[in-house]
Participant: 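Provided herewith is a single structure, encoded as structure tokens, for subsequent inquiry.
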Amino acid sequence: MSLEVHKGRAHPVYRERVGYQAGLLGGFSMVAAALLVMGNIATRDAIEQRRAEDLLASLGQVIPARLHDNDLLADSLMLTREDGSEVVVYRALSGLDVAAVAYQVTGQGYAGDIDLILGIDNRGRVLGARVLAHAETPGLGDKIEVARDDWILDFDGRSLGDPTDAGWAVKKDGGEFDQFSGATITPRAVVRAIKGGLEFFDAHRDGLLASAVIQRTDPEEAK
Amino acid sequence: MSNPYARIARDGLWDNNVVFAQSLALCPLLAVTGTATNGLGLGLASVFVMVTAGVLVSLLRGIITPQVRIPVFVLIIAVLVTLVDLGMNAWLHDLHKVLGLFIPLIVTNCAILGRAESFASRQPVARAAFDGLMMGAGFTLVLVLLGAVREIIGSGTLFQGAGLMLGEAMSFLELTLIPDYRGFLLAILPPGGFIALGFILAGKRVLDARADRRAARALDGAAPAA
Amino acid sequence: MSANSTTAAPHAHAPVSVQRTMRLVMLALLPATLFGLWQFGWPALLLFVVTVAAAMAAEAASLAVAGKPARPYLADGSALLTGWLLALTLPPWAPWWIGVVGAVIAIVVAKQVFGGIGQNLFNPAMVARVALLISFPLEMTSFVTPAPLFSGAAPGLLEGAAITFGAMPVPDAMTGATLLGEVRTELGEGATLSQVLPSLFDPLESGLGTIGGSLGETSALLLLLGGLFLLYKRVITWRIPVALLGSLAAMATLMHLLDPQHYAGPVYHLLSGSTLIAAFFIATDPVTSPVSARGQLLFGAGVGLLIYVIRTWAGYPEGVAFAVLLMNACTPLIDHWVKPRIYGRDRRGEPLDYTSTEPRR
């Protein structure tokens, strides 16, 4: 088709050679690769920065800024759950004491996993919980998002003893937390996930709260 | 239509519109047009890629041989899109969070390869650039129109999030047309996109038929006088 | 319009018209409809009237836009029947605008856009039901327990109007999920059927229809009677209903035998949800189902199978509307592959060879 473009002009013979065409393709590939490398280098730091900002923004929702004076991302821990999966714990330090921790918990919703970030203070009380990702039915199960409903704020200040073990359930199951009309499975999953997160805190309390001092002998140096 | 630029503009915006006439690029179109703002964002990114691709292909048309032209075009477009993707992720991060999934889809936007092949590879640079601009503008028009229709029916708002994308100065665009609207999810979901697009295409044909009738009548009226 | 006209010429003329077919179908729906209206009271009656009126209005408006004469098309009863069927599948105390939006989707998007009566690819009432279900999941899954007209718990006319037209919320005490939804939820929580079913499912109640559910779908018995009436009047043939119910029952029996604690038996599936109304009144729609006898068997069996699959493993407790739409989409394919034999020709369309006793190659 585009042969016609060149009809009027004199065609140098070398254009028809395989070598020219292979060189052309190879040359374009090299230029393309060089451009991509340059683009990657130019944007890498900025993109990394944006990712960190995103993470900090969601951590900031469950750990109030007044509780800590450290960089939440710098003082994270890696722990192993009972089922063998690893969990990254972000710690809010006030001086050298751990004021609060935050980590991700996951519930089994109606349509797949519900990922939440859960903030807990050093006495085992929920500072806040926020949904990071879910696939629940729009209009029914998505009331777990704080943007749509303040249901999730009911967990603030709760702990394993408050309410009692039986109370950590939706009202339909005899617990203290509201379910949504038309959706029971979603709030059930969130209640369970948060309870599981508190139990994790309880089981690892010593490791979560004590190790800051050991790891960070000199706050300045660690920065 | 003597002026080639007027012809190019008319083709890109209406007569040979990417979506209206060529039915290309439906995948990104239906995927992002949940709101008018998202449509505008993808449209602007597409315009950038189309203009740049048009210029590059036109510049290089002398050295590219017919045998290897398609892989070279694809390479050019893929590099451009990847650079746009990286740039948006770094400097327009909030918009990238919404559109991030769809930016790579611009590579598969057959309209861009189609224009490179059928127009830019055989036209001078200025015309190729203008064609990319007009084709992109026509695509953006449809993206914004479909996004607006779906956003109004689906959530009762218009240009939600425009402030986030275009800067605070543009947040006046954000309108809540129907207060306390319950939302009509179907319009925002992909099937609603197909239905809305169908009605928009039908509307375009009604307008064209009306214009044809008017032209015919004008011709009839003019004939006896001449 | 009769689904029976699939044999080759010569055809004898019969007094079959669109209007007569529609009238017979409505007559067959009448007992189940009246039962539903009695059982769910004034709000249901108002919703029914609003939905049917909106369907007629949408049809008239579409015809006006298309420049077609309104009277003959309106009088054929097809819009009336579409609105009627849609209303029967709605939660009985749904707000009025559910009926209106549903009727407009059914008539405009699912029927008139395709060219009006006889041209639509998908069953209009089912398109509307699916659109409403994914758009308004809350309203479309809020069912009520029966409160028969003039009984103590039933709302009066004014109260009923307040419920339908949004001035008053449905009293909490009266809301509930359907049987299918309730069982699905409990199973999802790890309960077994022997714990759940005895308290929720009573075959006699499900058969008679004195349970919560969609407006006109609760009474299996009356729907079955209506279906048999249509069969007797030859408005529908036996193939789609029998194939649908048969494949659903077969799947349910098979899975029930494999694991009786997690898969309910055939009686439960046949009597619950929209099974019977779909088998006799919706899947048999002559416009959107195959014309040939074998095609109809295939179609019915496909719907039954999909109903079971969606109810058991997919995201929604009831899958009838999705199953019917999916098989509607397959109808052109079925019609293409399963053709009736033309008189004097074999199945491949070659003329029959009577002259030779040799088998054809």
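Note on naming: letters A, B, ... go to the chains in the order of the sequence lines (proteins, then strands), and numbering restarts at 1 for each one. Below, all heavy atoms of this structure are taken into account, side chains as well, without hydrogens, waters or symmetry copies.
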Participant: Flag the pair V68(B) / F28(A) as yes when at least one side-chain heavy-atom distance between them is below 4.5 Å, and no otherwise.
Facilitator: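 With C-beta onward as the side chain, the pair stays apart.
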
Participant: Side chain, backbone, both or neither: which part of D54(A) has a heavy atom under 4.5 Å from chain B?
Facilitator: side chain

Participant: Measure L24(A) against the heavy atoms of chain B and call it side chain, backbone, both or neither at under 4.5 Å.
Facilitator: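 Side chain of L24(A) only, per the 4.5 Å heavy-atom cut-off to chain B.
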
Participant: Within a 6.0 Å radius of atom CZ on F48(B), are there more than 12 heavy atoms belonging to other residues, nucleotides or ligands?
Facilitator: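 No, the 6.0 Å shell around CZ holds no more than 12 heavy atoms from other groups.
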
Participant: Mind checking the NE2-CZ spacing from H96(B) to R50(A)? Nearest 0.5 Å is all I need.
Facilitator: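 That separation rounds to 12.0 Å.
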
Participant: Output the option from L80(B), L83(B), L75(B), T82(B) having the highest count of non-hydrogen pairs under 4.5 Å with chain A.
Facilitator: L75(B)

Participant: Between chain A and each of L86(B), V72(B), V79(B), I188(B), count heavy-atom pairs under 4.5 Å; write down the option with the most.
Facilitator: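 Most heavy-atom pairs under 4.5 Å with chain A: L86(B).
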
Participant: Side chain from CB out, backbone as N, CA, C, O: work out which of these in L189(B) comes under 4.5 Å of a heavy atom of chain A, or both, or neither.
Facilitator: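 Neither the backbone nor the side chain of L189(B) comes within 4.5 Å of chain A.
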
Participant: Looking only at heavy atoms and a cut-off of under 4.5 Å, which of L36(A), L35(A), T43(A) has the most pairs with chain B?
Facilitator: T43(A)

Participant: Could you give the distance from CG (N89(B)) to CD (E48(A)), rounded to the nearest 0.5 Å?
Facilitator: 10.0 Å

Participant: Please report the closest heavy-atom contact between A42(A) and W91(B), naming both atoms and the distance.
Facilitator: O-CZ2, 4.2 Å

